[in-house]
Number of protein chains: 2
Amino acid sequence: MVKLTDVARAAGVGYGTASRALSGKGPVGGDARTRVLEAARSLGYTTDATARALRERRTRSVGLIVPDMTNEFYTASAEVLQEVLRAAGHHLLVATTGNHPGREQEALQEMAARRVDGVVHVPSGATAIQPSPVPVVELNRYSGRNVPAVVSDDYNGVKELTQLAIDAGHTDIAAIVGPDAYSTSRDRLAGFRAAAQQAGFDENAATGRRLRVVSTDFTAEGGARAMRTLLADPPQAILPLSSRLVMGVLRTTREAGISVPDDLALAGYGDPDWFEIWGSGITTFAPPLAEMGAQAAKLLLDLINGDQPAPAVHRIPGVLRIRGTLGKGTPAKHSD
Amino acid sequence: MVKLTDVARAAGVGYGTASRALSGKGPVGGDARTRVLEAARSLGYTTDATARALRERRTRSVGLIVPDMTNEFYTASAEVLQEVLRAAGHHLLVATTGNHPGREQEALQEMAARRVDGVVHVPSGATAIQPSPVPVVELNRYSGRNVPAVVSDDYNGVKELTQLAIDAGHTDIAAIVGPDAYSTSRDRLAGFRAAAQQAGFDENAATGRRLRVVSTDFTAEGGARAMRTLLADPPQAILPLSSRLVMGVLRTTREAGISVPDDLALAGYGDPDWFEIWGSGITTFAPPLAEMGAQAAKLLLDLINGDQPAPAVHRIPGVLRIRGTLGKGTPAKHSD
DNA sequence: CTGTTAGCGCATTCAC
DNA sequence: GTGAATGCGCTAACAG
């Protein structure tokens, strides 16, 4: 591996001069500069990032800690996050946790040991995570720790989604949500309840406008199970409040021979590609994943830069996608 | 940040002794060892990975270079890849290229500059990539460079898939593939042609058993476009040979009011979750993405370990998923 | 403007 | 078995 001394020798200049010429920092004679650059190019020199990191006390890398890499809900944000950070000269160290708090803590420590300049973290829950020596921004979910977070405005999004189901004329509506430990579960559920109760829906009412809530894992299997239990007394409309839950619900309705939306209306959450082409199209609330990733990246860059933004939860609005699964009564347009 | 000297002082031992105690390499008195470990724990010491990397000349990190992070085709492999590497003490540095050769080269250089121990690379094409100073394993696609690659056995998989379509009684079959620059396009197309020609299908035949091939981008939009052109003279069966192409084809048939499989039979490639619940279920060839990721990881670990496996293309067999989109004539079971 | 030097934190080699 | 010294490649501070 060719190093700085090699370049300096080839260019016939001193060690420090070569360094300054390459980095562009500090004064260097125009003549010497070109000689160094030329020598570096012809020798194929590239700065050793490990040595530079040790000396500069920063790595120009940031950690990304997510539950898993196969969920569009995380990767869609991660993609643009990576883009923004790369443009700022930072590269991405990725760790997955499988939503396991132990591995989450482990990943955080590993990132610290590697001296990343910052971390973007999708927290598993409200479990007591040790304060990190590096700047942290939370993404998608917030843990309640004293760090900034960037999330979708699920409360209002799901509230509007629920209103849509109500407007379509359904009087018996059930929502499926994930574990209460996640802020996403709580926010979405709160939005659902707000809209339903405001419209006079009553929890577990035997007659009249009835709302129900089933809580399960944020997985397809969880959604399938929840739907199966609901089958004993099926609602008119089902709101599986994550794309994986939608997946699970559709597996169950398919097995049970239930037609969506003819037998059962449905409104979902998230907007993976296939929502558009499934049946008559799945009506859903689409969180602004790309914007969230960009926001998180910018926030983290600010933090790294030494700014101290007030730790707060940034809620970014998403959009409603009105398609066919809510049935005939769906208004052509609801939100702006 | 607490460092080794702090630990040594707290434990009342010398510098080197502390280092040996922590790393477990080299002789250390049982007494001193426990004192050091205790001091390290209570001070919250974690060894500085940047300093260690500089000294040891290895980073215990490997690079992953993929076109993008939102495609299940890459992330499903990446997930288990990451798992295997993590178990071996390596962490993952991720870069995306958008299939752009320039950014691919850039990413490779960046990884080299960061002194990763190895790189797993999904190559964009056969573009002349500079030989890398670090071990490289190719994943999903092979570039023809002299490095080992781990891919799905697309040739045989698509051949069997095509046979399935033929067995179902279709006599006018069209395949949609991606750019010829990718090994995946070529292998899948070869499998398709082999099965069709063997069954007496003729390219561009006006009558009798007819096969057609449309080449386009490996994107949903590309698939939609290809399908639209095919609409002028629709085949009986369509084989979009990537999950994104399937997505695009279904967008077009949906817009055009064409029913799959009643008006048009379809067999796809890949197996994202939604294939199972779309309509009557999408019949498809599912590449062994998880195994591929594991294999690539193991191969890279061997390379890092100094082994020199013959650079070869490892083709791992996938499985056929027989569902509903090939129409009534589909045999209940075809492959083992 | 330029060359020399110190030291980032650690693993390792060498005397003891 | 242990402690001290060396140097990994680089940037920054300093002396010329």
Side-chain angles (χ1 to χ4, degrees), chain A residues 1-37 39-40 43-61 89 109-117 133-134, chain B residues 1-37 39-40 43-61 89 109-117 133-134:
Chain A
M1 209 85 278
V2 37
K3 51 182 165 176
L4 200 45
T5 47
D6 301 326
V7 174
R9 190 165 354 101
V13 301
Y15 189 26
T17 307
S19 174
R20 285 188 295 260
L22 264 334
S23 71
K25 313 206 59 159
V28 150
D31 179 38
R33 156 165 288 120
T34 51
R35 283 216 312 285
V36 169
L37 262 38
L43 293 180
Y45 171 81
T46 95
T47 302
D48 184 327
T50 64
R52 198 222 288 266
L54 178 59
R55 179 62 229 240
E56 280 192 309
R57 317 196 62 64
R58 66 183 183 131
T59 53
R60 301 161 194 259
S61 69
Q109 274 172 2
E110 178 68 26
M111 296 296 180
R114 287 182 183 269
R115 302 294 189 263
V116 295
D117 299 335
V134 302
Chain B
M1 209 84 278
V2 37
K3 51 183 166 177
L4 201 44
T5 47
D6 302 326
V7 175
R9 190 166 351 102
V13 302
Y15 186 30
T17 307
S19 173
R20 283 188 295 259
L22 264 333
S23 71
K25 313 207 59 159
V28 143
D31 179 40
R33 157 165 289 119
T34 51
R35 284 216 313 285
V36 169
L37 262 39
L43 292 180
Y45 170 80
T46 95
T47 104
D48 184 325
T50 64
R52 197 223 287 269
L54 178 59
R55 178 63 230 242
E56 279 192 309
R57 318 195 62 64
R58 67 183 181 131
T59 54
R60 301 160 195 257
S61 69
Q109 275 171 2
E110 178 69 26
M111 296 296 180
R114 287 182 183 269
R115 301 294 188 263
V116 295
D117 299 335
V134 302

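We name chains A, B, ... by the order of the sequence lines, and we start the count at 1 in each one. Since we're looking at a predicted model, the values are computed, not measured.
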Quiz item: Quick one: does A/D48's side chain get under 4.5 Å of A/K3's, heavy atoms only?
Solution: no
Exercise. Return the value, rounded to whole Å, for the distance between atom CZ of A/R9 and atom P of C/dG3.
Key: 14 Å
Exercise. Take nucleotides 9-14 of chain C nucleotide by nucleotide from the 5' end and write B, S or -, depending on whether a protein heavy atom sits under 4.0 Å from the base, only from the sugar-phosphate, or from neither.
Key: BBBBB-
Quiz prompt | Side chains of B/R57 and B/R52 in contact at under 4.5 Å (non-hydrogen atoms) | solution = no
Practice problem: Give a yes or no on whether a salt bridge exists between B/R9 and B/D6, defined as a side-chain N under 4.0 angstrom from a carboxylate O. | Solution: yes
Exercise. Identify the heavy atoms of A/L4 and A/Y45 that sit nearest to each other, and give their distance.
Key: N-CE1, 3.5 Å
Quiz item: Can we say B/R35 and B/D31 salt-bridge, meaning some charged N sits less than 4.0 Å from an Asp/Glu carboxylate O?
Solution: yes
